[in-house]
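Report on the following structure.
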2 protein chains.
Amino acid sequence: MEQVSVNRAFAGLQGVYSHASSSTGTEMTFSVYVPDHASGARLPIVWYLSGLTCTHANVTEKGEFRAACAKLGLIFVAPDTSPRGEAVPDDPAGAYDFGLGAGFYVDATQQPYAANYRMWSYVTEELPALIAKQFPADLARQSIMGHSMGRHGALTIGLTYPERFAAVSAFAPIVAPGRVPWGEKALGGYLGADRSAWRKHDAVALIEDGARLPAILVDQGGDDAFLKEQLKPELLKGACEAAGIELTLRLQPGYDHSYYFISTFMADHLRWHAERLNGRRLEVH
Amino acid sequence: MEQVSVNRAFAGLQGVYSHASSSTGTEMTFSVYVPDHASGARLPIVWYLSGLTCTHANVTEKGEFRAACAKLGLIFVAPDTSPRGEAVPDDPAGAYDFGLGAGFYVDATQQPYAANYRMWSYVTEELPALIAKQFPADLARQSIMGHSMGRHGALTIGLTYPERFAAVSAFAPIVAPGRVPWGEKALGGYLGADRSAWRKHDAVALIEDGARLPAILVDQGGDDAFLKEQLKPELLKGACEAAGIELTLRLQPGYDHSYYFISTFMADHLRWHAERLNGRRLEVH
């Protein structure tokens, strides 16, 4: 692991690191904020999965999470959203919603994407192992949040590993990628035409198929340009009601899809996570 | 004035605007955050002057000022740091520390800069008049802060118009541009070789020449790469002590010159400003 940069912020350290990833076969960059802490202490860890077009840098620069993480004693990890590099196949037309910057947190099975686009393995296995080794992180206390495509990732990962995450929350999630244009393009491209293979990467389908979480927090901007066509929080609401999952879905009037929206509610989400991270002790996975 | 963008954030509105400036002869862009407020209310205004290479966007995206401004009821205005455009003369060698992105908040007298590089007039006269007309701002309650070159601007403007600003604060200021390489290049280039013309754009010289402020707050990162050669807070300390100006100079160990440093102490500065903005009522200028 190489240190790209490290800056003191809110008495802790905001670092950016890169490493050769065995999952993606590329160099991957991620950011980690570690609050000031007692020597030898191990802190709970919050995963933040970013949205389409983003790298680790967007939330690191604009997310306004450090003040709350410092106060609450949370490590905050932000991975990239896809493999990168000259050799990595991109969307054939260079579109923003597939390929580079749009890994959708799946392990692709289709060519030419299968070799590099293994973001599911990267985020659920390889990166947690690296974080545990290199940082004072307590993997028994993890939670996960995300934005848009990243929230799709946070929710599908949270539903797949409910015993691993004390809290799952999201900003403007893509809740049912199998039923909206962004998701149909991405899941079709990465996983192929057989829609049954998509269900484990579709939060609503996962819930329909029996996956459960104790609680989910979602904030959704009322003026989000993608609300009606791509995000469809009402599908998540219906699935959670049918499954008895406690969903706190807050429609925030006047807010859009940007980091101005995310930063506004970031501290609130982190408090919600901290309550759950510190309220119960989980087994290490 | 044209609206470039507007986004809801922390219950208020973060806007970016552009207008044809009579001071610089160019299109100028700036950002304004207006907190949620009672209809008809006029709010105090904090000016933020940015550092070398920055536009309005750096602090707008990375400054983490909105939570505090929303809580304290402060309008936050961030101008650009220089005129921009194809026709605007830049540093002959394209250096970052002169020309575009480096206006140093002076009215240039030297060619070819004199026509466009009129940032002093822009920031002290033209933009305040526009803000007063277009936003619910109470020009009787203004304060000013800045970073690096912008703090040089904040301090020289604050010292020149002490009756206008209830508070003056800074992050990592260039306190004595007449005595450091950045300032010598810039003031020489914009104002000519006669150093007597530089003194009204040098905070330490202004204080030596009799300018006064009730109080100044400065945070300076202890690991700032520019500390020893360019910033020299000890010169400001000496001048303030000799003049009886109350200077709160805080050396923050481990912090650098970046927005990670600024964002850490931003809310603290804004509280300091709000106390002074709300503690006394000034006459309109």
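For the numbers below, each heavy atom of this structure counts, side chains included, while hydrogens, waters and symmetry mates do not. Keep in mind it's a predicted model, so treat the numbers as computed, not measured. A note on names: the letters A, B, ... follow the listed sequences, proteins ahead of strands, and every chain is numbered from 1.
No other option in A/K62, A/Q14, A/R8, A/Q252 has as many heavy-atom pairs under 4.5 Å with chain B as A/R8. In terms of heavy-atom pairs under 4.5 angstrom with chain B, the leader among A/G254, A/S258, A/P253, A/G221 is A/G254. Highest contact tally toward chain B, considering only A/A70, A/A267, A/A11, is held by A/A11 [criterion: heavy-atom pairs under 4.5 Å].
Put simply, the side chain of B/F10 reaches to within 4.5 Å of the side chain of A/E64, judged on heavy atoms. In this structure the side chain of B/Y260 never reaches within 4.5 angstrom of the side chain of A/V6, judged on heavy atoms.
In the displayed structure, B/Q3 atom CD is contacted under 6.0 Å by more than 12 heavy atoms of other residues, nucleotides or ligands.
Of the atoms belonging to B/N7, heavy atoms from both backbone and side chain fall under 4.5 Å from chain A.
Remark: A/T264 OG1 to B/R66 CZ distance equals 7.5 Å, nearest 0.5 Å.
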